[in-house]
Amino acid sequence: MELNGIRSYVVRMTRMSDHQKHAYERLQGRYCIPFDPVTEQFDPDEETLDWYDLFPHRREQPDREIIMDIGFGMGRELAELADRRRDQDFIGVEVHKPGVGKLLSELERRSLENVRVVRYDAVQVCRYLIPRSSLTGIHLFFPDPWPKKRHHKRRLVRPGFSELVVPLLRPGGYLYLVTDWEDYAYQMVRILEESRDLKNLYAEDSQNRFAPPRKWRPQTAFERKGLAKGHRIYELVYERAQ
Ligand SMILES: C[S@@+](CC[C@H](N)C(=O)[O-])C[C@H]1O[C@@H](n2cnc3c(N)ncnc32)[C@H](O)[C@@H]1O
C-alpha cells in the first residue's frame, strides 16, 4: 500500500491563544486518545481501540453509530453535528493543535460526551487505531487541496487511500468527501472508483459522479473561503459494499 512517508499536512506554527492552550491542557485527558505509534510498539494486526472503553454509554446502547471526521480543522462543525446527533458517537482526527484545543473547549461548553479526539496523522490512526468494520461513516471535508502539481503527492486521497479507510467501514457504511477544488474532486473519483469495495451512490452517468449537498452538513470555514473565491462545491458519497 502507498501513502507511506509523505505527509498530507505541514505542522503550522500558528500560535495558540492562551484560552486554547489552557483548554488543551485541562481537557485533553478527558477527550483525547493518547496515540503515538512512533514511540510505542504497535502490532498492525491488533485492534488497539476499544469503543466501549471510549464511550461507556455504548454498553447500554451498543448499536450507536460511529462516525470519524478526518481533519476537522477548528472543529466547530464537528461539535455542531455531534450536538445535533447525540445518539451517535464521533471520533475526530486532526494534527493542528490549536484546532484540537478549540474543539475541546467546544465539547466542554456543549457538554458533549459523544466525541473523542486523536491529535495525530490520520493515516497512522486509520492504520493502527481504528477497529476494522466498526464505522458507519467517514467524513473528509475540504482536505488540504495541495493545488500545485508537484504537491499532488501530498493529497490525502491518493493511491492507497481506499485500502486504508474502506476496511474501517462496516458493510453499508459510507464515505463522504467534500472539496472545492475541481481537479482534486476528479482525482477523488478516480481513486475511489478503482476500489471494488465502494459504490458511488449518486453516479447518474459516467459524467456526473457528484452527490447533491447533504442539508445536514454544517457549512465549514474552508467551504466559505471556497465559495467566496467562486468555487463550486463537489460532494462525493460512496458506500462500502455489503
Ligand atoms: C483545509 S483544512 C479543512 C478543515 C475543516 N474540515 C473544514 O472544512 O473547515 C484541512 C485540515 O486537515 C488537517 N489534516 C491534513 N492532513 C491530516 C492528516 N494526515 N491527519 C490529520 N489531520 C490532517 C489539517 O491540519 C487541516 O486542519
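When a ligand or atom number is given, it counts from 1 through the structure's own listing order.
Among R155, E94, M74, R76, the residue whose heavy atom lies nearest to atom 25 (O) of ligand 1 is E94. Heavy-atom proximity to atom 22 (N) of ligand 1, evaluated over V123, V95, V10, is greatest for V95.
The cationic atom of K225 (NZ for Lys, CZ for Arg) lies less than 6.0 Å from the six-membered ring centre of F222 and within 45° of the ring axis. Cation-pi geometry between R209 and Y186 is not met: the NZ or CZ atom fails to fall both under 6.0 Å from the ring centre and inside 45° of the normal.
For ligand 1, the atoms closer than 4.0 angstrom to any heavy atom of T220 are 7 (C), 8 (O), 9 (O). Close contacts of ligand 1 with D121, meaning ligand atoms under 4.0 Å from a residue heavy atom, involve 18 (C), 19 (N), 20 (N). Of all atoms in ligand 1, numbered sequentially from 1 with element shown, those under 4.0 Å from a heavy atom of Y9 are 15 (C), 16 (N), 17 (C), 18 (C), 19 (N). Here is the list of ligand 1 atoms found below 4.0 Å of a heavy atom in Y120: 20 (N), 21 (C).
Counting protein heavy atoms only, atom 12 (O) of ligand 1 is closest to G71 CA, 3.4 Å. Nearest protein neighbour of atom 3 (C) of ligand 1, counting heavy atoms only, is F142 O, 3.1 Å. With respect to atom 9 (O) of ligand 1, the closest heavy atom belonging to the protein is F222 CD1, 3.1 Å. Regarding atom 26 (C) of ligand 1, its nearest protein heavy-atom neighbour is R12 NH2, 3.5 Å. Remark: minimum distance from atom 15 (C) of ligand 1 to any protein heavy atom is reached at D144 OD2, 3.3 Å. Of the protein's non-hydrogen atoms, the one nearest atom 17 (C) of ligand 1 is S8 OG, 3.4 Å.
Side-chain contact annotation: T136 with R170, donor-acceptor N/O pair under 3.5 Å present. For the residue pair Q61 / R64, a side-chain donor-acceptor distance below 3.5 Å is found, with atom types taken as modelled. Judged purely by distance below 3.5 Å, without hydrogens or angles, the side chains of R217 and Y176 pair a donor atom with an acceptor atom.
Considering both main-chain and side-chain atoms, F141 comes within under 3.5 Å of ligand 1 through a nitrogen or oxygen pair. Considering backbone and side-chain atoms together, A122 places an N or O closer than 3.5 Å to an N or O of ligand 1. The N/O atoms of H96, backbone and side chain alike, include none that comes under 3.5 Å of an N/O atom in ligand 1.
Using cut-offs of 30° and 60° for the angle between ring planes, the F35 and Y128 rings count as tilted.
Under the 6.0 Å cut-off for aromatic ring centres, H139 and W216 qualify, their centroids lying closer than that. Taking the centre of each ring, H96 and F72 stay at or above the 6.0 Å mark.
Heavy-atom neighbours of H22 NE2 from other residues, nucleotides or ligands within 6.0 Å: at or below the threshold of 12.
Ligand 1 is approached by A221 to a heavy-atom distance shorter than 4.0 Å.
Ion pair E65/R85 not flagged as a salt bridge, since none of the NZ, NE, NH1 or NH2 atoms sits closer than 4.0 Å to an Asp/Glu carboxylate oxygen.
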